[in-house]
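Encoded as structure tokens, the structure appears first; notes follow it.
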Number of protein chains: 2
Amino acid sequence: MGTIPTMRDVAQRARVSPMTVSRTLRGEGTVGPELAARVLAAVEELGYRHNDWARGLKSGSSSGLVGLVVTNLANPFYAELATGVDRVVSGESLQLLFGSSGDDGGGERRAADGLAARRVEGLVVVPTADDDDFLAQLCHQLPVVTVTSRLADAQADSVTVDDFGGARDASRRLVLEGHERIAFLGLSHASRTGEERERGYLAGQEECGRPRDRARIVTLAADEAEADRQMWRLMSGPEAPTAVFAANNRNTIAACRWVAASGDPLRIIGFDAIRTAGLFRMPISLVEYSAEELGERAGELLLRRIRGGLEEPPRHEAIATQLAHYGAAGTL
Amino acid sequence: MGTIPTMRDVAQRARVSPMTVSRTLRGEGTVGPELAARVLAAVEELGYRHNDWARGLKSGSSSGLVGLVVTNLANPFYAELATGVDRVVSGESLQLLFGSSGDDGGGERRAADGLAARRVEGLVVVPTADDDDFLAQLCHQLPVVTVTSRLADAQADSVTVDDFGGARDASRRLVLEGHERIAFLGLSHASRTGEERERGYLAGQEECGRPRDRARIVTLAADEAEADRQMWRLMSGPEAPTAVFAANNRNTIAACRWVAASGDPLRIIGFDAIRTAGLFRMPISLVEYSAEELGERAGELLLRRIRGGLEEPPRHEAIATQLAHYGAAGTL
DNA sequence: TTGTACGCGTTATCAA
DNA sequence: TTGATAACGCGTACAA
């Protein structure tokens, strides 16, 4: 009690050699029943537990670890992603090691370094900062899968959402519904996600013959309060939009908050799923996809590369989105 | 490229001993500039990365790992809990290792075993099954903190929510609002959480002079569909309740779904916070607490025990709840 | 300033 | 069937 004994301790108590303990515990079957009983008794009495990393030390065998780097698990998106990765990965009896990168760019690098130092067999990363160089280097040393973004040279496997397609569909939908003044509540251009969704929005508008009225587009910082401010600014003018396309979860909720507070009607389409959207007081539509599926795909790509090696050409997958309607939105 | 080289590889390339590499990398300053340069060059060329668990192997030093056992990270509650634990723990440069227990009881044990095999320095566990015996044994071998539940003999540190108090307050509130027929949409008795919240509900009713009308109480399985069914059954009778107290997140949403579907009014109070409750079309009140705070407390208790040793008496903390009102609920 | 010997917990290999 | 020895990758202690 107090500390966990080693195999040597067990061996001493059972008056056998450590090898006999090892053989007994792994069920090699080449141990006499008498000694085996003594070993098992000693294990029980001492509360021995196997030491996995000492085992891994031997003959450079694998660590049995897979790393996951995200900014913030409290964000449901990352949490669901983690669940998906874990489901796939734990099926191969690999354990998930979490590296929180925080919001700053440097944290991402620190996190990945820390995981690599633990000799994870692979890494699932949601890149945030423009730290492509670092990841590009890392992916030559160990399997790396990027999620929601891909490296500039696409050297690492990646799983992304069809951000462009989903945004374009939503954008066109709003035009087809007859909205003349449509606002885009966008994201920082630092992220590929933000860029793609904005491109999709613009493409949708253009395809429907709308001029590039960039004045209506609002690009936001990561802040939630900022999203609220932009909504009020956007809606307070004389020619306020009749529809808003929000580029992510946070912005969608900000738009809904504006409707709830002002009481004015506003057609809202948002990117990212919201579990409780069906209970909202205002009808909304959402460009949805499964974060868990994203995680599963990432896990599968990672396993494939862990087995296949670093030399094979990188694979890139994209998962589709669905436009879902909640409340009375379907009838608009 | 391909695999990560060892210190020995670097030493060979730089034509020095491994010790010189080690000293150079740790910046001991006792290495000649010439050799140091050779070492650094070799490190760069080979892409050497430090191996943390080989370091830890030496003289049984610490693993730098902390384990977290939860059933399902996709559940926002667990995800926020994980964030809280990670925040505290990563401050001490400890990394978080996940052990997903799945929903079956056996998984919990497997997960904890797997983490212990990795020699985590401590374990944060959200117990699900009645596997107290196992955990009670484990907590004599390494620091264990249980969350939302405490072991039968209270041998391990624990952080819980004031389930009883929060439920009692909500229960009384409904009576004070004048509701005569109040239903409790409860949880399985297998969990301490479910038991406590039901006890609190009953206590609140009794304190207000209400007889123990157990007929109204519905105990649910873990199923979401089951919650919906029970809501419909509950509300379809001739003397349907005018208020429902839902024992958790899932049940609260089921109650809201009933209101959304039927259009009938119903006073709802639910346990657990819901991020978007303010946007719901029906007013509700929630017994809230911060899952992240729960995680932080757990992390702090764990650190304290890691430092203080297994012999000190176990500590138990409970965090308070707040009753919050959303929509028009405050005016009811 | 640099290198050698040893230990950490476990297992592969070979010897008894 | 059992045990002794070496090895894994690194750090500590000591010797050169």
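Only heavy atoms go into these numbers, but all of them, side chains included; no hydrogens, no water, no symmetry mates. Protein chains get the first letters and strands the later ones, always in sequence-line order, with residue 1 at the start of each. Values in this document were obtained by computation on a predicted structure and should not be read as measured data.
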(message) When you compare the side chains of Thr128(A) and Glu108(A), does any donor N or O come within less than 3.5 Å of an acceptor on the partner?
(response) yes
(request) Taking the side chain as every heavy atom from C-beta outward, state whether Glu121(A) and Val89(A) have any atom pair closer than 4.5 Å. (result) no
(message) Any non-hydrogen side-chain atom of Thr71(A) less than 4.5 Å from a side-chain atom of Val126(A)?
(response) no
(request) Give the ring-plane orientation class for Phe98(B) versus Phe98(A), where under 30° counts as parallel, over 60° as perpendicular and anything between as tilted. (result) tilted
Nearest-angstrom distance from the residue atom [atom1] of [X] to [atom2] of [N]:
X         : N       : atom1 : atom2 : answer
Trp53(A)  : dA7(D)  : CH2   : C1'   : 18 Å
Arg23(A)  : dT11(C) : CZ    : P     : 11 Å
Arg118(A) : dC10(D) : CZ    : P     : 14 Å
Asp52(A)  : dT10(C) : CG    : P     : 10 Å
Leu25(B)  : dC10(D) : CG    : P     : 10 Å

(request) Hey, which sits more toward the 5' end of DNA chain C by its nearest nucleotide, Ala54(B) or Val31(B)? (result) Val31(B)
(message) On DNA chain C, compare the nucleotides closest to Ser17(B) and Arg119(B); which residue's is nearer the 5' end?
(response) Ser17(B)
Under 4.0 Å between a side-chain N/O of [X] and OP1 or OP2 of [N], yes or no?
X        : N       : value
Tyr48(B) : dC10(D) : yes
Ser22(B) : dG11(D) : yes
Arg26(B) : dT12(D) : yes
Thr30(A) : dT1(D)  : no
Thr20(A) : dT1(D)  : no

(request) Tell me which nucleotide among dT2(C), dG9(D), dT4(C) gets nearest to the side chain of Leu35(B). (result) dT2(C)
(request) Mind checking Met7(B) for me? I need base, sugar-phosphate or nothing, with any heavy atom below 4.0 Å counting as a touch. (result) sugar-phosphate
(request) Please say whether more than 12 non-hydrogen atoms of neighbouring residues, nucleotides or ligands are located less than 6.0 Å from CD in Glu45(A). (result) yes
